[in-house]
Amino acid sequence: MASLGDLVRAWHLGAQAVDRGDWASALHLFSGVPAPPARLCFNAGCVHLLAGDAEAALRAFDQAVTKDTCMAVGFFQRGVANFQLARFQEALSDFRLALAQLRGHAAIDYTQLGLRFKLQAWEVLYNVASAQCQLGLWTEAAGSLREAMSNWPEGSLNSLDSALDQVQRQGSLPPRQVPRGEVFRPHRWHLEHLEPVDFLGKAKVVASAIPDDQRWGVRPQQPQGLGVNLDARSPIMDSPRAGTHQGPLNAETEVGADRCTSTAYQEQGTGAGGSEPLVTVTVQCAFTVALRARRGADLSSLRALLGQALPHQAQLGQLSYQAPGEDGQWVPIAEEELLQRAWLDAAAGPRGLQLQCRGAGGRPVLYQVVAQYGYSAQGPEDLGFRQGDTVDVLCEVDEAWLEGHCDGRIGIFPKCFVVPAGPRMSGAPGRLPQSQQGDQP
């Protein structure tokens with residue numbers, strides 16, 4: 001199987017060949033990738049159409065829509081290939097499949113996926129009419145054009161008026177297709193990482209097993225055991241108990257064979273400025289942390305306590321609490337009101353407040369989003385998901401792409417396919433915050 005770097009390199013060179021009009025080189029590059037993703041199959045189909053080989057184009061578009069059953073533009077172009085082969089019933093079916101994948105939207109903008117083309121509903125309906133004309137379905141063709149008119153941008157009706165007049169005189173219509181030379185191109189983020197990077201650097205010997213090694217900067221191996229000072233500049237102090245090291249402020253870390261448990265606590269028996277007794281707050285992340293805080297403590301106070309033991313997670317992790325009930329759903333704490341609700345829910349329980357600091361692969365979750373549309377992974381770097389899936393966002397790659405985690409998988413996906421998750425991952429979708437916004441498809 002080709003590596004991601006090989007795939008992106010062949011993809012990029014193939015797109016450059018298309019720009020030069022070198023169809024043979026483009027097809028060699030697009031088709032030479034083992035198990036090519038749907039977008040490369042689509043590219044090969046478009047080039048075959050440009051080269052005048054509709055049969056080969058049909059096979060390539062078949063592969064594309066088999067790999068990505070939601071690719072509306074793939075069905076659209078396959079319909080064009082069938083039309084050129086005079087398979088008008090198959091073309092009509094493909095154009096209707098493309099319209100179904102629009103799911104009632106006026107358009108799908110493929111720019112963020114690398115194709116500089118916006119598939120409009122009126123264009124698909126126009127092609128439906130063109131296939132119906134070839135089948136002698138003149139009344140149905142006129143109806144399709146009238147429906148297309150309702151989806152045409154305001155002030156641009158002249159072309160469809162002319163087409164409707166043509167159909168009423170029982171004249172044929174040539175189908176529309178993706179503009180000449182437009183293909184899916186790899187994301188610039190991948191192109192920037194094509195060159196190899198030396199992450200390790202040069203090796204340097206800092207300790208030698210040879211007792212008399214005299215090289216400069218090298219010291220012999222030192223015996224290691226409890227209470228042994230290996231370096232006078234960074235002393236290690238004996239702990240009151242084996243396996244425990246004193247952490248910053250009032251935090252300490254207990255290291256076990258298979259986990260690490262950190263505890264942040266206050267030495268006073270009551271909360272500052274009051275007689276309210278301290279209670280335990282347990283946070284589940286890569287570590288299990290028990291925090292001692294006064295009941296009703298606000299979000300910033302909990303993050304400050306968590307930061308004494310786990311600074312990175314405290315700053316970036318998504319804190320959630322376990323809602324009462326049989327399902328025990330984890331609810332993200334996005335604002336102070338939700339935290340106070342969590343305190344109320346936990347008031348009757350004997351175990352105190354149970355929190356979770358969400359992360360994936362050792363990385364914290366920045367926030368969560370819900371898939372408004374299904375997205376099929378086009379390569380090993382992509383994260384595919386279904387409509388309604390909840391995705392943990394790990395990184396904002398750029399203005400158009402996010403990196404996330406879903407069902408145990410990590411990858412990148414277009415921002416325009418998702419909306420922000422509500423407090424309980426339900427309800428009407430809202431808008432992403434300014435830093436999370438992208439064009440909706």
Side-chain angles (χ1 to χ4, degrees), residues 38 41-50 52-66 68-111 113 115-153 156-184 441:
C41 296
F42 175 90
N43 287 1
C46 289
V47 176
H48 281 304
L49 283 179
L50 293 172
D53 191 347
E55 282 284 2
L58 184 61
R59 290 193 296 270
F61 290 130
D62 275 340
Q63 286 185 303
V65 297
T66 299
D68 184 357
T69 57
C70 297
M71 185 186 277
V73 72
F75 290 111
F76 183 73
Q77 287 294 92
R78 190 174 74 172
V80 172
N82 273 315
F83 193 99
Q84 292 186 8
L85 293 168
R87 298 172 181 171
F88 302 117
Q89 191 63 54
E90 291 83 352
L92 178 59
S93 176
D94 280 335
F95 294 141
R96 284 174 170 164
L97 285 170
L99 188 63
Q101 293 306 319
L102 281 165
R103 303 185 185 187
H105 295 281
I108 294 179
D109 189 352
Y110 284 92
T111 304
L113 296 178
L115 177 65
R116 294 173 298 205
F117 177 66
K118 181 182 287 188
L119 181 62
Q120 306 272 1
W122 72 263
E123 287 184 297
V124 182
L125 286 164
Y126 177 96
N127 279 14
V128 168
S130 69
Q132 289 169 333
C133 288
Q134 296 296 329
L135 294 169
L137 304 173
W138 304 108
T139 303
E140 291 85 346
S144 297
L145 287 174
R146 291 191 182 94
E147 186 180 353
M149 286 173 153
S150 68
N151 290 280
W152 182 268
S156 303
L157 294 172
N158 291 337
S159 297
L160 284 178
D161 280 336
S162 300
L164 181 58
D165 182 64
Q166 181 88 353
V167 169
Q168 288 171 340
R169 290 186 285 107
Q170 296 193 355
S172 61
L173 299 174
R176 302 181 65 89
Q177 58 182 300
V178 172
R180 179 184 179 88
E182 291 299 338
V183 293
F184 282 104

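The first residue in the sequence is number 1, and the count goes up from there. For the numbers below, each heavy atom of this structure counts, side chains included, while hydrogens, waters and symmetry mates do not.
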Which value, rounded to the nearest 0.5 Å, describes the distance between [X] atom [atom1] and [Y] atom [atom2]?
X      : Y      : atom1 : atom2 : result
Arg176 : Trp122 : CZ    : CH2   : 3.5 Å
Gln63  : Leu58  : CD    : CG    : 11.0 Å
Glu140 : Leu135 : CD    : CG    : 9.5 Å
Gln101 : Phe76  : CD    : CZ    : 14.5 Å
Thr66  : Phe61  : OG1   : CZ    : 13.0 Å
Ser144 : Leu160 : OG    : CG    : 11.5 Å

Atom of [X], atom of [Y] and distance for their closest heavy-atom approach:
X      : Y      : answer
Gly74  : Val65  : C-CG1, 3.6 Å
Ala60  : Cys41  : CB-O, 3.5 Å
Ala98  : Ala72  : CB-O, 3.4 Å
Ala107 : Leu102 : C-CD2, 4.0 Å
Asp68  : Ala38  : CB-CB, 3.7 Å
Ser130 : Leu173 : CB-O, 3.2 Å

Is there side-chain contact between [X] and [Y], with at least one heavy-atom pair below 4.5 Å?
X      : Y      : value
Ile108 : Val73  : no
Met149 : Leu164 : yes
Leu97  : Asp94  : yes
Phe95  : Phe75  : no

key: Chi angles and distances behind the side-chain contact (heavy atoms from CB on, under 4.5 Å) call for Leu145, Leu125   = CA-CA 7 Å; Leu145 287 174; Leu125 286 164; over 6 Å; no
Between [X] (side chain only) and [Y] (backbone N and O only), is there a donor and an acceptor less than 3.5 Å apart?
X      : Y      : value
Tyr126 : Ala163 : no
Gln77  : Phe42  : no
Asp53  : His48  : no
Ser93  : Glu90  : no

inquiry  = Check this for me, if you would: do Glu182 and Lys118 make a salt bridge, where the nitrogen-to-carboxylate-oxygen distance has to be below 4.0 angstrom?
reply    = no
key: Stepwise side-chain contact (heavy atoms from CB on, under 4.5 Å) test for Val80 and Val178   = CA-CA 9 Å; Val80 172; Val178 172; over 6 Å; no
